[in-house]
Structure formats: C-alpha cells, structure tokens
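Heads up: the structure comes next, in structure tokens.
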Amino acid sequence: MNTVLRTRPRALLRVSAFVALLALGATACAGTGGDERGAAAKTHDDKAARVIAAHSYAVDSSPAAAVTFPLNENVFEGTVVDRRPNVYAKDILDDGSTFEVVYTPVVIRVDEVYKGGLSKGSEVVVRSMGGTADGVRYDIEEAPAKDTFGTGVELFVFATDNEAVDSETDPAMTPNFLYRKTGDTVIDATYAAGAHDGSPADRIGRAEFQRKLRALSNRTAS
C-alpha cells in the first residue's frame, strides 16, 4: 500500500480533516494557496466560479487494506438520512498556508460501531468532497461519487476524527474508505471510477466483511 507523504506530519494532520485519503499525499492537491487558484468557470447558475482542482494519491482500497488502515479513527455502518447544501470551508495549516475545499455535508445515522467513540443511533456528518459553493468550485476525482450518498443508502464508513476545522462551526468527518451495501454484497465505493488502480471495484460478502470488522473491534478493545 502506497502511503507516500509529501508534507510535514503536523500539517498533514490538519489537512486530514478535509481530504479523504489524507495519508496518501493529499496535500499534493492544487488550490492550497493563492498561486494555485484556478481560472474562472461557469456554474449551473451562470455565475463565475474560481476553480480548485485537487489530486490525491490513490491507494489500495481493497477490503483488507481498508480494515487495517492505521489512520481510521472511526469505523461504522450507517444509513444516509439527509444531504445538506454544499459548504465552502478553509483551514489554516501549520505553515501558515490556506487549504480550501467545497463539500456536501451528508448526514448518516450510525447503525453499528466497530471503532471510535460514536454512539449507535446517533447522527454524524460526513464530507462528500467536491462541488460548488460561495463562488468556488472544488474538483476532485479521488473521492466517492456523489450518488453514493443517496437517502436510504447503507454504507460502511472508514473515517477521520469527527471534528471541525477553522471555518466550520460543527464537526464532521472525511471518509478514508467507503463501502456500499447491495443486498448480501458490499462494494468498494471509495473512488467514483472503481478500484484505486482503475480496475472494477472490489466486492465482498456482507457477512464476511462484518466478521472482519468485528475482529477489528475486538483488537481495538483489547
């Protein structure tokens, strides 16, 4: 599993609140400062938008890799209950630079907890990266597809801490990996275009995947 880091660890941890796959070199994204801001483009409402094009390193998102990824702070099953309007947010990194993103806040009810301090039955906000808000369009290919977060969709979420960054008033978390339930099967939805290497998305039996996660829960508790 490629976990190339291209910034100082403390700065990377600040970026982690935004970018899914933070340890994959997410700070190689464009748009982290004034010199890297994109040109104007037209949005659906015909207003000019400043474009930020982000490119994270894609890594192995197979079931084994997702379960054992060391920077998963929260691992849980949940059901999408709501999607809120897009949010523009920014964070000031340790080196003084500004990190900007746009994301869709997705409200997910927690149905089962395998790692972390979430409570079963509670609701959390997960950042679906990408979109347009406040005159900024944030484009990123290395993120789950927006239609993955449809109301009623059941997901396995492997995510960062539940926390707010500088411009946010409420906490949220960014998925490192995402798997979608389809009947008795679970499908890797971490990347919109399939697996990390462009091959078809991995599939695994739901019961087998849950056994792997219960083993993770037991290791965390011991």
Side-chain angles (χ1 to χ4, degrees), residues 1-2 19-24 26 56-86 103-116 118-131 139-160 162 172-220:
M1 179 165 144
N2 182 8
V19 180
L21 311 179
L22 64 95
L24 328 177
S56 302
Y57 289 104
V59 298
D60 184 2
S61 57
S62 66
V67 171
T68 59
F69 188 62
L71 297 180
N72 291 325
E73 298 297 334
N74 290 284
V75 180
F76 64 97
E77 288 184 57
T79 303
V80 177
V81 297
D82 192 21
R83 285 172 58 168
R84 297 173 180 168
N86 287 351
Y103 66 88
T104 306
V106 178
V107 182
I108 298 181
R109 184 187 68 237
V110 178
D111 298 326
E112 190 67 43
V113 178
Y114 297 103
K115 182 179 180 180
L118 299 178
S119 299
K120 186 175 180 179
S122 65
E123 293 183 353
V124 296
V125 173
V126 169
R127 301 180 183 95
S128 171
M129 305 303 294
D139 293 333
I140 181 169
E141 295 181 1
E142 299 85 356
K146 292 290 183 179
D147 60 10
T148 301
F149 299 100
T151 302
V153 171
E154 296 177 288
L155 299 168
F156 288 86
V157 182
F158 302 77
T160 63
N162 189 34
M173 60 180 66
T174 305
N176 295 322
F177 306 95
L178 198 71
Y179 274 73
R180 178 173 180 166
K181 301 178 189 177
T182 303
D184 293 333
T185 302
V186 179
I187 302 173
D188 181 9
T190 301
Y191 303 109
H196 70 287
D197 58 1
S199 61
D202 284 306
R203 294 170 178 260
I204 185 173
R206 180 173 174 176
E208 180 183 354
F209 199 47
Q210 288 172 320
R211 283 196 295 271
K212 291 178 180 293
L213 293 177
R214 291 190 186 101
L216 170 66
S217 179
N218 291 337
R219 288 196 299 271
T220 302

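Below, each value reflects all heavy atoms present in this structure, side chains not excepted, and no hydrogens, waters or symmetry copies.
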Notebook entry, point to check: Considering all heavy atoms of both residues, which atom of Asn72 and which atom of Lys115 are nearest to each other, and what is their separation?
Noted result: O-NZ, 2.8 Å

Next item on the list: Could you grab the distance from atom OG1 of Thr174 to atom CG of Asn74, nearest 0.5 Å is fine?
Entry: 11.0 Å

Notebook entry, point to check: Does the pair Leu71 and Thr160 meet the rule for a side chain to side chain contact (heavy atoms under 4.5 Å, CB included), with working shown?
Noted result: CA-CA 7 Å; Leu71 297 180; Thr160 63; over 6 Å; no

Item checked: Non-hydrogen atoms of Asn86 and Pro105 that approach each other most closely -> CA-CD, 4.3 Å

Note to self: Testing Tyr179, Phe177, Phe149 one by one against Pro144 for a side chain to side chain contact (heavy atoms under 4.5 Å, CB included), which residue passes?
What the structure shows: Phe149

Next item on the list: Given side chain to side chain contact (heavy atoms under 4.5 Å, CB included), test Leu213 with Glu112 step by step and report yes or no.
Entry: CA-CA 10 Å; Leu213 293 177; Glu112 190 67 43; over 6 Å; no

Check: Is the shortest heavy-atom distance from the side chain of Glu77 to the side chain of Val186 under 4.5 Å?
Finding: no

Next item on the list: Kindly say whether Pro63 contributes a backbone atom to a donor-acceptor pair with the side chain of Lys212 at under 3.5 angstrom?
Entry: no

Next item on the list: Look at the side chain of Lys146 and the backbone N and O of Gly131, then say whether any donor-acceptor pair between them is shorter than 3.5 Å.
Entry: no

Checklist line | Interatomic distance, Arg127 atom CZ to Thr104 atom OG1 [nearest 0.5 angstrom] | finding: 12.5 Å

Item checked: Nearest non-hydrogen partners of Ser61 and Tyr191, listed with the distance -> OG-CE1, 3.6 Å

Notebook entry, point to check: For the side chain to side chain contact (heavy atoms under 4.5 Å, CB included) test, which of Leu155, Asp111, Val124 pairs with Phe76?
Noted result: Val124

Next item on the list: Could you pull out the closest heavy-atom pair between Ala201 and Ile187, with the gap in Å?
Entry: CB-CG2, 4.0 Å

Next item on the list: Report, as yes or no, whether the 6.0 Å neighbourhood of atom CD on Glu208 holds more than 12 heavy atoms from other residues, nucleotides or ligands.
Entry: yes

Notebook entry, point to check: Could you give the distance from CG (Asp147) to CZ (Arg180), rounded to the nearest 0.5 Å?
Noted result: 6.5 Å

Notebook entry, point to check: Between atom CE of Met129 and atom CD of Glu141, what is the distance when rounded to the nearest 0.5 Å?
Noted result: 14.5 Å

Notebook entry, point to check: Of all heavy-atom pairs between His196 and Val59, which one has the smallest distance, and what is that distance?
Noted result: CB-O, 2.7 Å

Next item on the list: Can you measure from CG (Asn176) to CD (Glu73) and round to the nearest 0.5 angstrom?
Entry: 9.0 Å

Next item on the list: List the steps and the verdict of side chain to side chain contact (heavy atoms under 4.5 Å, CB included) for Arg83 and Thr151.
Entry: CA-CA 8 Å; Arg83 285 172 58 168; Thr151 302; 5.6 Å; no

Next item on the list: Look at the side chain of Lys120 and the backbone N and O of Val113, then say whether any donor-acceptor pair between them is shorter than 3.5 Å.
Entry: no

Next item on the list: For atom CG of Asp184, decide whether the heavy atoms of other residues, nucleotides or ligands shown that lie under 6.0 angstrom number more than 12.
Entry: no

Note to self: Test your reading of the model: is there a side-chain donor-acceptor pair from Asp202 to the backbone of Ala195, 3.5 Å cut-off?
What the structure shows: no

Margin query: Would you call the rings of Phe156 and Tyr114 parallel, tilted or perpendicular, taking 30° and 60° as the class edges?
Written below: parallel

Check: Would Val125 and Arg84 count as a side chain to side chain contact (heavy atoms under 4.5 Å, CB included) if you check the C-alpha gap in whole Å, the side-chain angles of each, and the deciding distance to 0.1 Å?
Finding: CA-CA 10 Å; Val125 173; Arg84 297 173 180 168; 3.6 Å; yes

Item checked: Residue that, paired with Thr148, satisfies side chain to side chain contact (heavy atoms under 4.5 Å, CB included) out of Val80, Leu178, Val106 -> Leu178

